[in-house]
Amino acid sequence: MLGGIMSILDITVVSVGLQTFQKEFSATSAQVAWTMTGYTLALASVIPLTGWAADRFGTKRLYLLAIILFAAGSALCAAATSLQMLVAFRVLQGLGGGMLMPLGMTILTRAAGPERVGRVMAVLGIPMLLGPIFGPILGGWLIDAASWHWIFLINVPVGVIALIYAAKVLPKDNVQPSETFDWLGMVMLSPGLATFLYGVSTIPESGTVWDAEVLVPAAIGLVLIVAFVPWALNRRNVHPLVDLRLFLNRDMSIAVIAMSLFAVAFFGASLLFPLYFQQVRGESALDSGLLLAPQGIGAMITMPIAGMLADKIGPGKIVMTGIAVITVGMGMFTQLSADTSYTYIIAALFVMGLGMGASMMPIMASALATLTDHTVARGSTLMNIVQQVAASIGTALFSVLLTNGLKDGSPTSPDAIRDHMGDAYASVFLVATVLIAVCLIPAALLPRRKVKAADPTVMVGH
């Protein structure tokens, strides 16, 4: 949990500091954006290696290494004296951060067993869903109260506590290093994911998909990822870097489709809320973060209940209910204007939070509950790759839709400009509502029964 909180919070906390970095290092917005992009690319590059490394070296050792890398990267970021140094140390942070979530999932899923995986995912979901909400609050407060250095320094004591606690509490690794490393798979997939996500992450800056800076890296990355697929499915490749054969598991495949659509819509739309508060309503970064708190409160209420129910009656009904509730909450934002009352906005965010707590983690639980002990590490790696790619696509998609929506028309008076901005946000939220509603289709195919282990070798209560 501590590892998950560090890695997820860090992504959103740093987004608040971008304007401060521009002033501090006399840089452009495109240059400081590399503090986010460098972290994401390192994250994407290391996630595929995590499943193999966990099997090869053991989850505990790897988890301790990931915490050390992340905490050391954080301390170095705080000490950076130039933008180039900051970006380089953010990459180091990303290498640790990329391993923390899939490893945390693997450790928890193995320890809980299939009977309790829903409740365990609800615990792990706390940083995943609340990070985007409370990150801006923490980041804004630290920058206002102290300095930008503290958005990195705060990770160091948390990292030290997590390291000592993990070393004492986690069970000793018992590995039989027999698996060969898929070098060809690594050469294709890690650079493929990094270059594809780099291309996608430059879409908001260029404003179009057809820019060479977007198309060239995205196309190269896509070719490498596509080339990896037949290699991963080749019978001679006994231990592929990422085990695509897991898609033969029906529940896993449906859960991945549901999660992809959900992540595109949820992570994409999450970008819009703080921007609306700051651009249209003129709120500070800290106040914008505080206004998002009802979403987190809603998620905290339903998450433990949804996790418990998913274990008892299967995730299908829970996820469908959650997505229906999010659709209602997101639909309320299609009526947004420049002067919408905060009571209405807070109510809509709270409704969305209630739905979020019953959606994302039960989807993941339905995928991981059917896996055997040996495939849990590979399954959690696969889920994290899908989520990372989908979140990046969602962020790029909604950035472009918003940018183009704000460009249309040319109002002149300040009031007309605000009204136009409010309408542009409402139009983009309509797209988000439709995307969330589409998630109901794969959600309807999720198991509506108590999930049974796929194999008796699954460890229960390790």
Side-chain angles (χ1 to χ4, degrees), residues 8 10-12 14-16 18 28-45 47 87 90 94 97-98 128 131-132 135-136 190-226 256-257 259-276 278-279 330 333 360 384-408 421 424-436 438-439:
I8 300 286
D10 203 69
I11 298 168
T12 50
V14 173
S15 64
V16 177
L18 294 179
T28 65
S29 59
Q31 287 169 333
V32 297
W34 272 99
T35 57
M36 299 286 285
T37 309
Y39 183 87
T40 306
L41 297 188
L43 211 71
S45 302
I47 289 173
V87 171
R90 284 284 285 160
M128 207 175 274
S190 284
L193 277 171
T195 49
F196 175 72
L197 289 183
Y198 170 72
V200 168
S201 67
T202 53
I203 293 173
E205 195 187 322
S206 61
T208 174
V209 177
W210 308 114
D211 193 281
E213 200 177 340
V214 174
L215 274 180
V216 174
I220 292 168
L222 205 55
V223 167
L224 287 168
I225 293 166
V226 170
V256 166
I257 293 165
M259 228 225 357
S260 304
L261 289 168
F262 182 84
V264 168
F266 169 66
F267 288 104
S270 294
L271 168 92
L272 302 176
F273 300 118
L275 283 177
Y276 168 79
Q278 288 174 42
Q279 288 185 348
M330 194 78 84
F333 281 99
M360 189 165 168
N384 274 273
I385 290 172
V386 168
Q387 189 199 316
Q388 189 63 48
V389 171
S392 297
I393 290 170
T395 304
L397 171 69
F398 283 91
S399 296
V400 171
L401 288 172
L402 181 63
T403 305
N404 291 339
L406 293 171
K407 275 182 194 168
D408 293 340
M421 287 169 80
Y425 275 93
S427 302
V428 182
F429 277 119
L430 180 60
V431 177
T433 307
V434 172
L435 274 175
I436 287 285
V438 170
C439 294

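Side-chain atoms are counted along with the backbone in the values below, which use heavy atoms only and exclude waters and symmetry mates.
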Subject >> Residues Leu435, Phe398; criterion side-chain contact (heavy atoms from CB on, under 4.5 Å); working and verdict >> reply: CA-CA 12 Å; Leu435 274 175; Phe398 283 91; 4.0 Å; yes
**OP:** Check the pair Phe273 / Phe333 against ring pair (Phe, Tyr, Trp, His ring centres under 6.0 Å), numbers first and verdict last.
**Re:** CA-CA 10 Å; Phe273 300 118; Phe333 281 99; 4.9 Å; yes
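Taking the six-membered ring wherever Trp is involved, the centroid distance between the rings of Phe267 and Phe262 does not fall below 6.0 Å.
At a threshold of 4.5 Å between non-hydrogen side-chain atoms, the residues Gln279 and Leu406 count as touching. Residues Trp34 and Tyr39 are not in side-chain contact: their nearest non-hydrogen atoms beyond the backbone lie 4.5 Å or more apart. Proximity of Phe196 to Ile393: side-chain heavy atoms (C-beta onward) are separated by under 4.5 Å at one or more points.
Taking each heavy atom of Met330 and Ala269 in turn, the nearest pair found is CE-CB, 3.6 Å. The shortest heavy-atom contact between Ser190 and Ser45 is OG-O, 2.8 Å. Counting all heavy atoms, side chain and backbone alike, Pro217 lies closest to Ala212 at CD-O, 3.8 Å. For the residue pair Ser260 and Ala390, the shortest heavy atom distance occurs at O-CB, 3.6 Å. The two residues Gly199 and Val214 come nearest to each other via the heavy atoms O-CG1, 3.5 Å. Minimum interatomic distance between Leu43 and Gly98 (heavy atoms only, all atoms of both residues): CD1-N, 3.1 Å.
We find the OG1-CG distance between Thr202 and Leu215 to be 9.0 Å, quoted to the nearest 0.5 Å. In this structure, Leu402 CG and Tyr425 OH are separated by 4.5 Å, a value rounded to the nearest 0.5 Å. Separation of atoms OG (Ser392) and CG (Leu193) is listed at 9.5 Å; rounding is to 0.5 Å.
The stretch residues 210-225 participates, sequence neighbours left out, in these side chain to side chain donor-acceptor pair (under 3.5 Å) pairs: Tyr198-Glu213.
For Arg90 (side chain) and Gly38 (main-chain N/O), no donor-acceptor pair under 3.5 Å exists by modelled atom type.
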